Amino acid sequence: MQARIRVVVAKPGLDGHDRGAKVVARALRDAGMEVVYTGLHQTPEQIVETAIQEDADAIGLSVLSGAHMTLFRRVIELLAERDAGDIVVFGGGIIPADDIAELESLGVAKLFTPGATTASIIEWVRANVTTPVA
Amino acid sequence: MSERTERELPAESGQTAEGHESTRIRHRVSRRHDVPTLVARAREGDARSVARLITLVENGDPALPEVAAALAPYAGHAQVVGLTGSPGVGKSTTTNELVKALRAAGRRVGVLAVDPSSPFTGGAILGDRIRMQEHTTDRGVYIRSMSSRGQLGGLSAATPQAVRVLEGAGCEVILVETVGVGQAEVEIASLADTTLVLLAPGMGDAIQAVKAGVLEIADVFVINKADRPGADATYRDIQGMLGLGERAAGDWRPQVVRATAVRAEGIDDVLTAIEKHRTWLETSGNLTARRERRASVEVEAIALGTLRARIGDLKHGTALSTLASAVAAGEIDPYAAAEDLIKGL
Ligand code: B12
Ligand SMILES: Nc1nc2c(ncn2[C@@H]2O[C@H](COP(=O)(O)OP(=O)(O)O)[C@@H](O)[C@H]2O)c(=O)[nH]1
Ligand SMILES: [Mg+2]
């Protein structure tokens with residue numbers, strides 16, 4: 001049985017904009033990946049613990065609420081605390097260009113904004129997320 | 001000044017590039033662990049190591065025999081409870097409530113939740129956790145979503161070995177939620193000590209359950225969504241159907257309980273029924289019988305998998321296709337071809 005890329009797709013924060021997360025989850029599934037979908041209103045603590053228990057290769061966060069700086073930063077911090085910094089963090093939503101630059105310098109691997117095609121997201125994941133080496 | 005800056009710049013960017021390189025290498029290393037270390041850490045309850053071991057099992061990693069050998073001493077330490085029933089009947093919600101009750105009783109709990117893989121791409125959306133998020137940060141609970149990875153019996157090929165990993169990790173109760181597509185989902189009965197079949201009024205009713213063949217595998221029927229009209233009728237249907245079956249003295253009579261999982265009602269009754277079945281298993285000697293049946297299914301599956309792989313490797317992978325061409329051309333019959341193949345092993 002071949003290894004499959006496992007991605008946790010999560011919606012942190014209090015808003016209910018879940019279309020993007022669902023579109024991305026379905027696209028990654030259709031690209032042959034295993035997507036753990038957590039549903040809405042997840043705390044960074046829950047998201048990181050989920051990724052660890054699920055042995056995820058990556059965490060994809062969807063943030064349209066404006067709270068992206070706090071949420072992404074906290075997830076990155078918690079992963080480092082749990083010695084799980086090898087889990088790739090990426091995501092998308094309503095995120096201004098300046099913030100994207102800052103988040104990427106904090107360790108977020110890639111951010112997609114409205115209009116990004118699912119094909120480009122799949123391509124990026126395939127190129128940048130690997131399954132574990134035993 | 002400008003000279004210094006010029007010299008510093010390339011040096012600095014060189015350092016950054018090196019920094020990136022070394023983080024990448026560090027990442028790789030932190031994801032590679034030897035099996036004894038993983039097992040030792042999993043024994044201490046380290047979720048990451050448990051998770052990695054289950055991945056090795058799921059991927060049929062070459063280290064699998066080593067993993068299985070390391071885990072063998074812990075076999076049988078956990079009570080395994082299966083939950084099956086049509087999609088939407090409330091398996092995940094019930095699992096969540098059972099976890100809550102078991103945690104209140106101080107037990108360590110593992111959950112394996114299987115969802116179907118797409119037959120076209122092999123990918124999967126695993127969504128059972130959505131209903132269990134309140135337990136995510138409880139270190140006494142480990143939840144793992146599994147894709148069925150093409151398997152049709154309601155579990156994935158790796159589920160039995162994942163149960164072993166969780167036993168090794170000290171889980172006292174392991175809840176296994178099946179895919180729940182309904183038909184022929186009987187694999188769970190050979191994995192679990194106690195199998196719960198969930199029904200709900202108005203959907204997948206008693207007659208459906210009989211058709212799907214799940215009547216025979218149920219140790220406990222849970223009529224969930226008892227808040228809905230028709231629950232009493234479903235309850236009576238099932239009781240009636242159980243009355244028809246012949247049972248020898250000392251045989252287990254499946255329990256039927258009502259629950260409203262969304263309101264956490266009836267969960268104690270479900271747990272009582274599970275315990276009652278457990279006691280019967282122990283006193284009647286059936287626990288050993290079930291465990292042996294589980295092991296026999298496991299061993300046979302591994303042996304068949306190995307055989308299939310060896311057949312695939314015969315004559316550098318050409319043996320089967322050569323024989324297949326001959327059979328298709330009518331030069332040899334399929335039984336003779338199969339004999340040929342087996343002789344080659
Ligand atoms: C539809 C919508 C809603 C729907 C949401 C329905 C639902 N279930 O999702 C409803 C009507 C409920 C809604 C409500 C609100 N909304 Co609204 N909503 C939108 C709208 C118009 C489109 C969002 C959408 O679904 N897009 C389609 C999806 C597919 O695109 P997407 O999410 O952007 O995802 C793409 C990328 O961003 C990226 N991506 C996203 N997530 C992820 C994750 C990963 C892992 C990856 C790789 C990529 C990725 O890839 C996707 C594909 O391209 C946007 C405006 C806009 N143009 O974006 C406002 C918008 C997001 N909403 C906004 C606001 C303010 C609200 C409300 C607070 C309004 C109010 N005052 O009541 C409420 C909040 C309600 C709540 N409980 O949260 C603001 C947010 C402002 C901000 N962040 O600063 C926006 C930007 C509108 C605006 N210009 O002001 N909204
Ligand atoms: N009315 C009612 N709805 C329920 C009950 N239990 C679960 N549900 C709902 O049924 C839907 C499916 O539940 P879920 O646990 O995901 O079912 P599964 O597919 O069998 O795992 C969800 O919307 C639940 O909230 C119940 O006791 N009563
Ligand atoms: Mg479910």
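Per chain, numbering begins at 1; letters A, B, ... match sequence-line order. Given the structure is predicted, the values throughout are model-derived calculations rather than measurements.
Separation of atoms CZ (B:Arg52) and CD1 (A:Ile52) is listed at 10.5 Å; rounding is to 0.5 Å. Once rounded to the nearest 0.5 Å, the distance linking OG of B:Ser145 with CG of A:Asp55 reads 12.0 Å. Rounded to the nearest 0.5 angstrom, A:Thr50 OG1 and B:Arg144 CZ are separated by 12.0 Å. Rounded to the nearest 0.5 angstrom, A:Thr131 OG1 and B:Asn59 CG are separated by 7.0 Å. Summarising the geometry, atom CG belonging to B:Leu126 is positioned 12.0 Å from atom OG1 belonging to A:Thr38; distances are rounded to the nearest 0.5 Å. The distance from the CZ atom of A:Arg29 to the CD1 atom of B:Ile125 is 4.5 Å, given to the nearest 0.5 Å.
Ranked by heavy-atom pairs under 4.5 Å with chain A, the first of B:Ser117, B:Ala124, B:Ala51 is B:Ala124. By number of non-hydrogen pairs under 4.5 angstrom with chain A, the leading residue of B:Asp128, B:Thr55, B:Val35, B:Val50 is B:Thr55. For the set A:Arg82, A:Gln42, A:Glu54, the count of heavy-atom pairs under 4.5 angstrom toward chain B peaks at A:Glu54.
Within the 4.5 angstrom heavy-atom criterion, no atom of B:Val67 approaches chain A. If you measure heavy-atom distances from B:Ser118 to chain A, the contacts under 4.5 Å come from the side chain alone. Contact annotation for B:Arg131: neither backbone nor side-chain heavy atoms come within less than 4.5 Å of a heavy atom of chain A. Looking at B:Arg129, only its side chain comes within 4.5 Å of chain A, counting heavy atoms on both sides. With a 4.5 angstrom heavy-atom cutoff, A:Ala51 does not touch chain B via any of its atoms.
For residues 161-172 of chain B, heavy-atom neighbours of chain A at less than 4.5 Å comprise no residues at all.
Taking both residues in full, the closest heavy atoms of B:Ser147 and A:Glu34 are given as CB-OE2, 3.3 Å, listed atom of the first, atom of the second, then distance.
Under the 4.5 Å side-chain criterion, counting only non-hydrogen atoms from C-beta, A:Glu49 is in contact with B:Arg139.
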Inset, instruction - Test A:Arg4 against B:Arg149 for side chain to side chain contact (heavy atoms under 4.5 Å, CB included), laying out the working first. - result: CA-CA 10 Å; A:Arg4 286 193 180 270; B:Arg149 296 205 176 178; 4.0 Å; yes

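The number of heavy atoms from other shown groups lying within 6.0 Å of CD (B:Glu300) does not exceed 12. Shown here is A:Leu14, whose CG atom has no more than 12 heavy atoms of other residues, nucleotides or ligands within 6.0 Å. Counted within 6.0 Å of CZ on B:Arg107, heavy atoms from surrounding residues, nucleotides or ligands total more than 12; the atom is thus considered enclosed. Enclosure of atom CD in A:Glu123 is not indicated, since only 12 or fewer non-hydrogen atoms of other residues, nucleotides or ligands lie within 6.0 angstrom.
With hydrogens and angles disregarded, a donor-acceptor distance shorter than 3.5 Å links the side chain of A:Gln53 to the backbone of B:Ile143.
Salt bridge status for B:Glu58 with A:Arg6: present, with a side-chain N to carboxylate O gap under 4.0 Å.
Checking A:Asp30 against B:Thr121 by side-chain atom types alone, no donor-acceptor pair falls below 3.5 Å.
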